[in-house]
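The structure under discussion appears below in the form of C-alpha cells.
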Amino acid sequence: MTPDEQSTLFDALLDGDISEADFLRLEAELSVDAEVRKAYYRRLEMDLLLEEVAAEEAHRLPPVSEPLTQRTLSRGLWWAGLLTAIAAGLILVVAMPADPADQNDRSELAQTIQKNEPSATGFAVLSGQSDAVWEGEPIDNGGLLPQGELHLVSGLVHVELFSGVQMVIRGDAVFSIDSPMQVSMRKGSARAHVPEPAHGFRLKTGAGEVVDLGTEFTVDVDESRSSVKVVDGEVELRTREAEVRRLRDGEGVELAADGSLAKESADDIALIGPAAFQDALAERQSDHFRRWQLATELLRNDPRLMAHYLVDPDQGWSRKLINRASAAGRVNGTAIAGDGAVVAATRTQDRWGRDGGALDFSRMGSRVRVVVPGEHRGLTLMCWVKINSLDRWYNSLFLTDGHEDREPHWQLMNDGRLFFSVKPPEIDQLPPSERERQVFHSPPFWETSMSGQWIMLATVYDVDQKLVTHYVNGEPISRESIPEALLVESIKIGSASICNWSEPMYRSDATFVVRNLNGCVDEFALFSGAVSHEEITSLYHVGNPNER
Amino acid sequence: MNQHRTDDSADSAIVGLLTECQLPLRLYIRALLPGDPAAGDVIQQANAKIWEKRGDFEPGTHFKAWAMAIARFEVLNHRKRQARDARLHFSSELEETVAAELAEVNDDLAERQAALRECMQSLKPASRELLMRRYASQQPLAEFASQVGRSVGGVKVTLHRLRTALAECIERRLVATGETE
C-alpha cells in the first residue's frame, strides 16, 4: 500500500464510508504493521483536534442557507455585515476623543448627576488577574478598583482605566489610581498601553513622572530607583529636578530616588502587554471551560435534576431550549421537565465569551416557557445571570403562572433583595401579618457596580430542615426557618416562565405588568429537593469562568 | 456533583485527571469504533461509568490505563447492543493491540494542537471554512456534501487533500520545533 492509498483508506474508515473489501485490507495491514497503526492513530488524533478547533470556531462561520457554490450573494451580505460592524467601530472611535475634554467641565458634569441616580465610585475596572494576591479584600474580575493606595502583594493584573489606558501591573506593587488619566506608583512593575484618546496620561513615581505621548511603555519602581523604558511610541519624562526629556522606541533611563539621572539606559522590563495577558487568561479559561463541560455532563444523571437549560451557541436561531437533564437513571420513574420554549429573548455572549451562548431577556415580553411535572419535597433553583439593572419592582427569575397554592416564585426586588416564596394552601384565611411570612427575602446584595457581571444565584427550600437559604456566588447570604404553619411539603410547578411572569389572565388580556429581567441568563437548573451547601459551592466554583 | 458523597478533594482530583484524560479517551474509543456515529454516546457512557466507579481508583496508579479499561468495556457493551446491524469492526486481537498501544502512547497533543492551529492559517479561507464545517457537523458525508452543494466524490477528494496537507505541515512544524519524539 502506498502512503497515499493508506491515508485515503483511513479517511474512508473514519468517515464511516469504507467498503468491506477495503476494511479487511486495512485491518490486515494494521494487524501486522506497527507503523501503519501509528499512522492510523495520528490521522485519528488530527481528526479529534480538528473537531476541537471546529467546535470553537464553527459558530463564527456564516450560516449555510444555500450551497457554498452559490455563495456570491451570501458573501456579499457577509461583507455588508462586516462593514456595518466597522462603521459602528468608527463611530466609537470618533466619539471617544471628546471624552477627555469633558473632564474639564467637571462642575457642569456634576450638575447633570441627579441626587437619586445610582452611582458607583472608581476610575478603573479590574479586567483580569493571574494568581493575584491583594492586601485586604480580594477584588473580583470586572469589579471597580477602589480608590486610595492599593497593594498587590503578588501576581499579575490587568487594569482598564476609563480613559482607555490599559495597564498590566505585577506585584509586589503599591499604587493608586488617582484619575482616569493618572496613576501613582510607589513600587512595582507596570506596562501601560495608551491609546490616542488618552495621550497625556501620566504615571507618577517618587522620582518623577512619565507623560505618555503615544502607545506603550514600561516602568519598574522601588524605594531606591525607578526605570522607564519605551516599548513603542514616545514619552516625556519629567524628573523631580524639573528636567524634561523625551524618550522614543527602545530608549530608557534609570532615575535615582531623588530624581537625578542614574543611568542613560534601562534594562528590559519583562512584562507582557495587556493583549498577551488576556490571551494567556483566555487559554487558562478554556481549560476551565472544559472542566465545566465535563462537570455538566456528569450532572445530567443526578436523580434530583428536573431541568437544566443551557444555551447551545451552535444551534443558531432556535427557539427551543433543550433540557439537558437525563431521565435515564430515574429509579422512581418520575418525569423530568420538557424542553423550554424561548419567547422574544435574543441570543448574546455567554459567561465564557461564546457568541450566542446566553439569552438576553431585556426585550419586552422575553421569557422561556417551561413545564415542570410532579410534586417535590423541597426545591433548589440555580442560575447564572448577568443583570443590567433592577429597574422594575419585581425582576423575575423563575415564576409559575399566576401564583396558586404550593407554587414557587423566585425573583429580585428593585432594592437588591432576593425573593422566594412557596404559597401555602389556605393562606388567605390567615391574618395579613402571618401571610407575609411566606416570603423569604435575602438582605440586599445587589449594587449598581455589579451591573454587567456574571453571578450565580441559588435558593434552596429545604422541607426536612425547614429552611430557606439564598446563595450568591456559592456563598449563603441568608438562612431563615420556615414557620410550621407555612411549610409546604409538596411543591408543584406546572407551567412557568424563566425571567418573566405570566399572569393568570395572560391568555385573554393583552395588558400585562412588566416584570421581565433586564439582563441575561446562560444556565438555569431546577432540582427536586434540597441541594447541599457544599454542592452549591462546587457548582459555583466549577462554573465560574474567573476562577483563580 | 455526587450522589453518594466521598471526600471532596478526592473528587476534585478525579475531575482533574478525567479532564486531562478526555482527548486520549476519545482517541481510544474512536480508534476502536472508527466511523461509528454512536462513538460520541459511548464516550459519554464511559465518562459516566468512570465517574461512578471513581471510588475504585487507587490514587497514584496509572489513571489513563484504568480509565481505558473501563472504556474498553463500554465499547464491548456497545458492540453487543448493536450486534444485529453489525458494523465492520476490528478483530479482538487487533483491538487489544490498539488498547495496549494507546494506553502507553506519550501524548504531545497540546503541541500537536498548537501546530495544527498554525498550519490552518496557511490554508485558503474557503478550504479552512469547508474543513471547519465538516468537523463541526455530525452528518454523514453524503448529507454534508449535498448541504454544501458539491458531489460526494468531490468533497471526499478535497477533504483528503486538505487533511494530508495539514498532517504533513504538523509533522514539519514539530520537527522544526524539536517537539517530535
Exercise for the section: Without swapping roles, check the side chain of Arg79(B) against the backbone of Leu76(B) for a donor-acceptor pair under 3.5 Å. Expected result: no
Handout entry: Flag for Asn301(A)-Glu52(B): side-chain donor and acceptor within less than 3.5 Å
Key = no
Identify which part of [X] has an atom lying under 4.5 Å from any heavy atom of chain B, answering side chain, backbone, both or neither.
| X | answer |
| --- | --- |
| Arg291(A) | both |
| Glu297(A) | side chain |
| Tyr40(A) | side chain |

Problem - Top contributor to chain A interface from Asn47(B), Leu116(B), Leu141(B) [non-hydrogen pairs under 4.5 Å] - result: Leu116(B)
Completion exercise
Checked Thr97(B), Leu131(B), Leu18(B), Val98(B) vs chain A; the most non-hydrogen pairs under 4.5 Å come from Val98(B)
Side chain from CB out, backbone as N, CA, C, O: work out which of these in [X] comes under 4.5 Å of a heavy atom of chain A, or both, or neither.
| X | result |
| --- | --- |
| Gln113(B) | both |
| Ser137(B) | neither |
| Arg161(B) | neither |
| Ile170(B) | side chain |
| Val157(B) | neither |

Exercise for the section: Given salt bridge (Lys or Arg N to Asp or Glu O under 4.0 Å), test Glu45(A) with Arg30(B) step by step and report yes or no. Expected result: CA-CA 9 Å; Glu45(A) 195 173 82; Arg30(B) 293 273 295 271; over 6 Å; no
Problem - chain B interface, residue from Leu14(A), Asp47(A), Asp17(A) that has the most non-hydrogen pairs under 4.5 Å - result: Asp47(A)
Completion exercise
Counting heavy-atom pairs under 4.5 Å with chain B, the top scorer among Leu24(A), Asp15(A), Val542(A), Leu30(A) is Asp15(A)
Problem - His308(A) and Arg300(A), any side-chain heavy atoms less than 4.5 Å apart - result: no
Practice task
For the pair Arg72(B) and Ile29(B), evaluate side-chain contact (heavy atoms from CB on, under 4.5 Å) and give the outcome as yes or no after the intermediate values.
Solution key: CA-CA 7 Å; Arg72(B) 176 86 203 279; Ile29(B) 291 173; over 6 Å; no
Problem - Cationic N near anionic O, under 4.0 Å, Arg26(B) to Glu52(A) - result: yes
Exercise for the section: Test Thr158(B) against Arg163(B) for side-chain hydrogen bond (donor to acceptor under 3.5 Å, both in side chains), laying out the working first. Expected result: CA-CA 9 Å; Thr158(B) 309; Arg163(B) 286 176 184 135; over 6 Å; no
Practice task
May I ask you to decide if the ring planes of Tyr471(A) and His533(A) are parallel, tilted or perpendicular, using 30° and 60° as cut-offs?
Solution key: tilted
